[in-house]
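Have a look at the structure below before the remarks.
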Protein chains: 2
Amino acid sequence: MATIQDVARLAGVSVSSVSNVLNEKRDRLRPETFDKVLAAIEKLDYRPSRAARQLKTGRTSMIGLLVSSTANPFMGQIAAAIEAYAQRRYGYRVLLCNTQRDRRQEASMFQDLVDFGVGAAILISSLADERHVEDAVRRGLAVVSYDRGGNPDSSVPIDHVQPDNIEAGRLAAAHLIQHGHRHLAFAMPAGMTISRQAKIDGFRMAAANAQVPVRTEVIEGRSITMYGDSELGKVGFELGQKIGRSASAPTGIVVVNDMMAFGLMAGLRDAGKRTPEDVSVIGMDDFAISHYIWPALTSVAMPIDDMVRTMVDCAIARLSDPSAAASELVFTPTLIERQSVACPPGAR
Amino acid sequence: MATIQDVARLAGVSVSSVSNVLNEKRDRLRPETFDKVLAAIEKLDYRPSRAARQLKTGRTSMIGLLVSSTANPFMGQIAAAIEAYAQRRYGYRVLLCNTQRDRRQEASMFQDLVDFGVGAAILISSLADERHVEDAVRRGLAVVSYDRGGNPDSSVPIDHVQPDNIEAGRLAAAHLIQHGHRHLAFAMPAGMTISRQAKIDGFRMAAANAQVPVRTEVIEGRSITMYGDSELGKVGFELGQKIGRSASAPTGIVVVNDMMAFGLMAGLRDAGKRTPEDVSVIGMDDFAISHYIWPALTSVAMPIDDMVRTMVDCAIARLSDPSAAASELVFTPTLIERQSVACPPGAR
DNA sequence: TTGAAAGCGCTAACAA
DNA sequence: TTGTTAGCGCTTTCAA
């Protein structure tokens, strides 16, 4: 590989002139010198070493991305969107880390990012405890956190971007109530997270605001250890079976995410219940696949592209102003009506 | 951030001693010196800069991963598996690039990887033309290519890992024939790739080897530009509609991947055809979701974990022996029987 | 067993 | 407008 020295030699100029060309400081060079250098660069097929540049400047054009697991299609979609936008808009590449929502993993990934000299990271994982994140920020990493409320007590600035989960829960429950359902359940894996709590709050709020009495309950499945899609489906399946066999089952179910909703509908089916004739189901995340399954899944869609752009913009902005006040940005979800919701059996 | 100098000063030793500690050269240090240094490292919470290390050694513990798009759940799953294994087994992190199967993008991503000093990359994208990959290899990047046959003429060593696509096609078609189907179609988006051709070959082979006459055809949908899952589903949907409305439709369809199969079944349904009663469908990739939809999709599963381990092992191995002969590794797929295949209408 | 010093490839301050 | 030079933080000879 050619170095800046080789280019300087071939062009008959000094390395600083070459450096100036590389950094587009046209005003410091005579046009002909500029061209001479350009020609030498071309000839040698020279490309500057990012490692050397980074060592000198302390900057590297990489951001870190921590997601629970891209094996979950929702995360895969977000990862693809982030990577594409960061590259297109800022020329940044993405270092991918799958956390499996494990705090120790997350901490070690943050550490690695700092060691690599990465300046900013996007964290998508709703672990309630944020202390290891704060450590990373103190070590100089800018972090944008998705789907977790901001902590006003925090001594360090962490930007937060999230969908309005309360509204998501409300939207889903209200839709069910509007279809005549009077016994609703919110289904999720065991274990509370901030975003789950918000969804539940909205879900309950819709019931409380209804003109009629509506019974609500939260149903937790097994807890999850791998954040791919297969385990989530299985938890949903088991829960669906259980609900399907129960005598006093809810007629409308809001499921914390689409993958689990698929499993839940399969479990319901296994127990002899049809969706939406016997039980209505609403998912959240709006997978592309949800359009195509039968019955097509009604789902609460999050404005992914908007949120992704915002997260990347925040991350890059904080690179140049690390001490700016943390921003808290909330995005509004939308209900996508499809075929998995109908009036409850009694109402027909 | 503390540097090696700070540590040396605090420990009262030279930087080279600290370096020796960092690199575990215990035999070059008196145990007590070792401990002194360790204490200083601890005290300062020192972590060596990877950039500096890389500049000196030319090595960095990152590998590149190029996939069409993690928005496709199959790719998301592979990406998660690669990241986890590379990290766990070798302590390597992953630089993620979504190529959208665009040659120019791929080329620029390879270039970036080289610029970052990344030594090895895994490429998952069946672009037929491999020249830009060869360029990258010539620039010193070790590449392992997935799902593309090796090119014996190639002047540079590129390792190839792939499922036995011929067998995948054969398995699927044979399963349909065994159920009594005599008119089969292979469905895919427009445009031939190496892996699609192999699947078709196997598909036709099964028909040719059958004891009875079997009619086969290849049905191409629209061509695809975004390699997420939504467009693939739509292409399948349109194709399903078309087939469902056709008078002389095949009774059994092998679809090039699960995502498109979901869309195709939805299209069939839209045209009034049921799966599997009217038309049987087999997918390929075996998404976790395929278990849970209705009808559960019979699919050809690729041994992802085995292939992923092999790809990462190959990539890392080539780092230390760039000129080793290229390996060509083929893995055997399995048919996962579920509910989307039945005997054809006539046979009942 | 330890330390001094060169240098990886670049940027940027300063001098010419 | 151009060149010289001092590092960035490490690893790695080579000497002591």
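The figures here come from the full heavy-atom set of this structure, side chains too, leaving out hydrogens, waters and symmetry mates. Numbers restart at 1 for each chain; the letters A, B, ... are given by sequence-line order, proteins then strands. It should be emphasised that the depicted structure is a prediction, and the values quoted were computed from it without experimental measurement.
B:R47 comes within contact range of the sugar-phosphate backbone alone, with a heavy-atom separation under 4.0 Å but no base atom that close. As judged by a 4.0 angstrom heavy-atom cut-off over every strand, B:R30 is placed among residues touching the sugar-phosphate backbone only. Residue contacts shown for B:R53 are limited to sugar-phosphate atoms, with no base heavy atom under 4.0 Å away. No contact: B:F34 has no heavy atom under 4.0 Å from any strand. Across all strands, A:V18 comes closer than 4.0 Å to no nucleic acid atom at all (heavy-atom distances). Within 4.0 Å of A:N20, counting heavy atoms only, lies no atom of the nucleic acid at all. As judged by a 4.0 angstrom heavy-atom cut-off over every strand, A:L29 is placed among residues touching the sugar-phosphate backbone only. If you check every strand for non-hydrogen atoms under 4.0 Å, B:D27 touches sugar and phosphate atoms only.
Map A:Y46 and B:K56 each onto its nearest nucleotide of DNA chain C; the residue landing nearer the 5' end is B:K56. For the pair B:P31 and A:T3, both in contact range of DNA chain C, the more 5′-proximal nearest nucleotide belongs to B:P31.
Protein atom CD of B:Q5 is 16 Å distant from nucleotide atom P of D:dA6, rounded to whole Å. The distance from atom CG of A:D6 to atom C1' of C:dC8 is 13 Å, rounded to the nearest whole Å. Between the CD1 atom of B:I41 and the P atom of D:dG9 there is a distance of 16 Å, rounded to whole Å. Between the CG atom of A:D115 and the P atom of D:dC8 there is a distance of 19 Å, rounded to whole Å. Atom CZ in B:R28 sits about 11 Å away from atom C1' in D:dT11, given to the nearest Å. Between the CG atom of B:L22 and the P atom of D:dC10 there is a distance of 8 Å, rounded to whole Å. Across the protein-nucleic acid pair, A:R9 atom CZ and D:dT2 atom P stand 19 Å apart, rounded to whole Å. A straight line from CD1 of A:I4 to C1' of C:dT11 spans 8 Å, rounded to a whole angstrom.
Distances shorter than 4.0 Å separate some side-chain N or O of A:K25 from OP1 or OP2 on C:dA12. In terms of phosphate contacts, B:S17 brings a side-chain nitrogen or oxygen within less than 4.0 Å of OP1 or OP2 of C:dG3. Between B:S49 and D:dG9 there is no side-chain polar atom (N or O) within less than 4.0 angstrom of OP1 or OP2. For B:T33 and C:dT2, the shortest distance from a side-chain N or O to OP1 or OP2 is below 4.0 Å.
Around the CZ atom of B:R139, the shell of radius 6.0 Å holds more than 12 heavy atoms that belong to other residues, nucleotides or ligands. Other residues, nucleotides and ligands contribute at most 12 non-hydrogen atoms within 6.0 Å of the CZ atom of A:R59.
Closest to the side chain of B:A52, out of C:dT11, C:dG3, D:dC10, is D:dC10. Closest contact between the side chain of A:N23 and the listed nucleotides D:dT11, C:dA13, C:dT11 involves C:dT11. Side-chain proximity of A:L55 to the nucleotides D:dT4, D:dC8, D:dT12 is greatest for D:dC8.
Between the side chain of A:E83 and the backbone N or O of B:N98 there is at least one donor-acceptor pair closer than 3.5 Å. With hydrogens and angles ignored, the 3.5 Å screen pairs no side-chain donor or acceptor of A:R93 with any backbone N or O of B:C97. With hydrogens and angles ignored, the 3.5 Å screen pairs a side-chain donor or acceptor of B:T70 with a backbone N or O of A:G76. Without hydrogens or angle criteria, B:D159 side chain to B:S327 main chain gives a donor-acceptor distance under 3.5 Å.
At a cut-off of 3.5 angstrom, the base of C:dT11 holds no donor-acceptor pair with the side chain of A:S16.
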